[in-house]
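The block underneath contains the structure these notes are about, expressed in structure tokens.
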Amino acid sequence: MLKSIACGDVRASNIGQTVTLAGWVHRRRDHGNLVFIDLRDSGGIVQVVFNPETAPDAHAAAEDVRNEWVIQVTGEVTKRPPGTENPNLPTGDIEVAAAGAVVLNPSKTPPFYVNEQSDVEELLRLQFRYLDLRRPAMREAIVLRHRVVKYIRDFLDRRGFLEIETPILIKSTPEGARDYLVPSRLHPGRFYALPQSPQQLKQLLMVAGFERYFQIARCFRDEDPRADRQPEHTQLDLEMSFVDEEDVLALAEELFTAVVEELVPDKAVIKPFPRLTYAESMARFGTDKPDLRFGLEMADLSDIAASTDFQVFRSVLERGGIVKGFRAPGCASYSRREVDGLVEFVKSRGAQGLVSIALMGEGGSLEELGQDQVRSSAARFLSLDQVKEIARRTEAGIGDLVLIIAGPSKSTNLALSLLRHEMGRRLGLGDPNLLAFAFVTDFPLFERNEEEERWDAMHHAFSMPKEGHEKLIESDPGAVVGRIYDIVCNGEELASGSIRNHKRELQERIFKVLGYTHDEVDARFNQLLTALDYGAPPHGGIAPGIDRLMMILYGRENIRDVIAFPKTQSGFDPLFEAPAEVEQSQLDELHIRVVPEG
RNA sequence: GGCCCCGUGGUGUAGCGGUUUAACACACUGCCCUGUCAAGGCAGAGAUCGCCGGUUCGAAUCCGGUCGGGGUCGCCA
């Protein structure tokens, strides 16, 4: 080793020892004679003093050194002179008096500050990610990520799970996300696909009798990235045999709770995790991934709206839409400008508009509310009684602002739920140290795809219907509830899972509703269906997203902040500059001809 | 594919039609300085304002396009 101790490990107990350190120059303070260097390595920072009188050669070397140079220093650990201790450093009681110094490698001036946590354009950080990763915020994220994954592995190992790898080169399956394709040299014109998840593989492992499987699995989806989505992401994929929902949920709850309590003890979780059904979640929060750190629950106002003369409401309802709203506490005093801002917010998220009702005044009960206290663009269409009823439903009081959206159910719920989260954020209602995990259960098995006029799988095609719902599969697909569950936390979907079909006949009926022809099923799912014929055990599982879990544990709003080498929103890797063109010979070998765009 | 925001020395920002030889902080270079720890002092170098085109007597500043980044809707079983 080029060092005898890590920079961050030097303590008062080492005083008198001669140590060799190696690391990066974090900061240099040159007093002309005395030179101080804060030397940094993966373990921390320690101050090194270069004295020209006692060590002229080392001092001369230190004069030349600049930020981020890599140096090796040998010297004695000494107690700092009284009054010069630095309480901000764990190593602040001591320093190393350099006797010798060697420059192991100089550095160019970095393109941004490595030694301070200043904001830097993210593209530049990604181009020089290896420098960005030297900074504490990124470093801590990567270290925590390691601990979380290690904890998960140990936790599952103790419970009899086996970690089993599955192929990265697999087969494209229809539906779901767009696949990343890999051309085959040995089979011209044929392609592997990168797995969107090891779904079928883990089910086959259950048929193989492993009973408890998990994998820290990389998953690939060729769709547009987002703040919480990357083209490739990591899942804790796990599957168990001979279980029902309760077994999977109990395990997941125990795991997540333990991870938080052991690794991020300053964050709190709600125990036990609240549970709500999909229908409940949609009704109360307009989304299947509600932020439960605060209330502001939604109320259906359709019946009240129907009794008004407000044409906007009536026409929406005539077309089968809904009218729904929630309260923004204390926001009655919002200015015209602020309210307009909220209107813009929902319009940019698919709503036609926003009706707000401000209940002006301070204190007093709803009963005493006067017409003069109601401020709303729809005021002249609403009777005082109707306003009061709307307030009662949304639990709004004097001083609150009721926000209402009318429109088709899907887009209205979406915009309203985004507005709810936005208001929660603006009003600071979400405790940043609370991780409000919850289970959302009983998802529909099928979802109507209006454009394509067909039924899609809401979750995926392999989930089992709830008991008693099999008979509805063909007659009323939309009414079939699946044995499907999600874990959500603070408005993010963290995990998704289900009890799977282990009977071929049932699985084939579901494929049929999804519109697959016999040939398509045979081509894509034959391996799974055939396996079900050979004694497939009842089984189910769940797949938490590790990146999103890390966002929540580390308190980041961006998935790139918890990934060592992420891609931009256009799927570009600024460090390697991938994707890139390849040699013509490589294309020839793969029998690929590139058609120029346009 | 749609919508919104951003793009000025190395970094972060200011300037938003002429008074700008584009300002400030930090970084950088040189000199001074024996106890600093975001060390300090003095001096200096460094950007034609992402790119293309237009409007104008005059554009970093206005307009259009384009490229790149971010956010979002679509998409993401």
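Letters A, B, ... mirror the listed sequences (proteins, then strands); counts begin at 1.
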Could you work out the separation of B:U66 and B:G1 based on their P atoms and round it to a whole Å? 11 Å
Looking at every strand, decide which applies to A:Arg80 at a 4.0 Å heavy-atom threshold: base, sugar-phosphate, or nothing. base
When all nucleic acid strands are considered with a 4.0 Å heavy-atom cut-off, which category describes A:Arg28: base, sugar-phosphate, or nothing? nothing
Are the ring of A:His31 and the six-membered base ring of B:G35 within the stacking cut-offs of under 5.5 Å and under 30°? no
Under 4.0 Å, heavy atoms only, any strand: does A:Asp224 hit a base, just the sugar-phosphate, or nothing? base
Would you mind classifying the nucleic acid contact of A:Leu89 as base, sugar-phosphate or nothing, using non-hydrogen atoms under 4.0 angstrom? nothing
In plain terms, say whether A:Asp456 and A:Arg454 are close enough for a salt bridge, that is, a side-chain N and a carboxylate O under 4.0 Å apart. yes
Would you classify A:Glu95 as touching base, sugar-phosphate or nothing, given that sugar-phosphate means primed atoms plus P, OP1 and OP2, and contacts are heavy atoms under 4.0 Å? base
Among pairs that include at least one residue of residues 476-486 of chain A, which meet side chain to side chain donor-acceptor pair (under 3.5 Å), considering only residues two or more places apart or in two chains? A:Glu245-A:Arg483, A:Asp486-A:Ser496
For nucleotides B:A45 and B:U34, find the distance between their P atoms and express it as a whole number of Å. 28 Å
OP1 or OP2 of B:C73 less than 4.0 angstrom from a side-chain nitrogen or oxygen of A:Arg226, does that happen here? yes
Determine the interatomic distance between C1' on B:A47 and the same-named atom on B:A25; round to the nearest Å. 16 Å
A:Ser498 and A:Ser463: side chain donor to acceptor below 3.5 Å: yes
Give me the distance, rounded to whole Å, that separates B:C33 from B:G41 when you measure between the C1' atoms they each carry. 8 Å
Pick the C1' atom in B:G18 and in B:A59, then give their distance to the nearest Å. 10 Å
Can you name the residues that form a salt bridge (Lys or Arg N to Asp or Glu O under 4.0 Å) with A:Asp561, not counting sequence neighbours? A:Arg125, A:Arg556
Sequence neighbours excluded, which residues qualify as ring pair (Phe, Tyr, Trp, His ring centres under 6.0 Å) partners of A:Tyr278? A:Phe443
Under 4.0 Å between any heavy atoms, over every strand shown, what does A:Ser197 touch: base, sugar-phosphate, or nothing? Just pick one. base
Tell me whether A:Phe36 and B:U36 count as stacked here, given that the ring centres must be under 5.5 Å apart and the planes must differ by less than 30 degrees. yes
Base, sugar-phosphate, or nothing for A:Pro111, non-hydrogen atoms under 4.0 angstrom? sugar-phosphate
What protein N or O atoms touch nucleotides 40-46 of chain B N or O atoms at under 3.5 angstrom, if any, and at what distances?
none

Under the side chain to side chain donor-acceptor pair (under 3.5 Å) test, residues paired with A:Asp442 that sit two or more places apart: A:Lys466
Scan A:Ser118 against the nucleic acid and name what it touches under 4.0 Å (heavy atoms): base, sugar-phosphate only, or nothing. nothing
Can you tell whether the side chains of A:Glu122 and A:Arg560 come within less than 4.0 Å, N to carboxylate O? yes
What closest approach, in Å, do A:Pro231 and A:Lys567 show between heavy atoms, and which atom pair accounts for it? CG-CD, 4.1 Å
Pairwise N/O distances under 3.5 Å, protein to nucleotides 22-26 of chain B:
| unit_1 | atom_1 | unit_2 | atom_2 | d |
| --- | --- | --- | --- | --- |
| B:C26 | O2' | A:Tyr113 | OH | 3.0 |
| B:C26 | O2 | A:Tyr113 | OH | 2.1 |

Using the C1' atom in both, what is the distance from B:G40 to B:A60, to the nearest Å? 36 Å
Mind checking the P distance from B:G35 to B:G71? Whole angstroms is fine. 48 Å
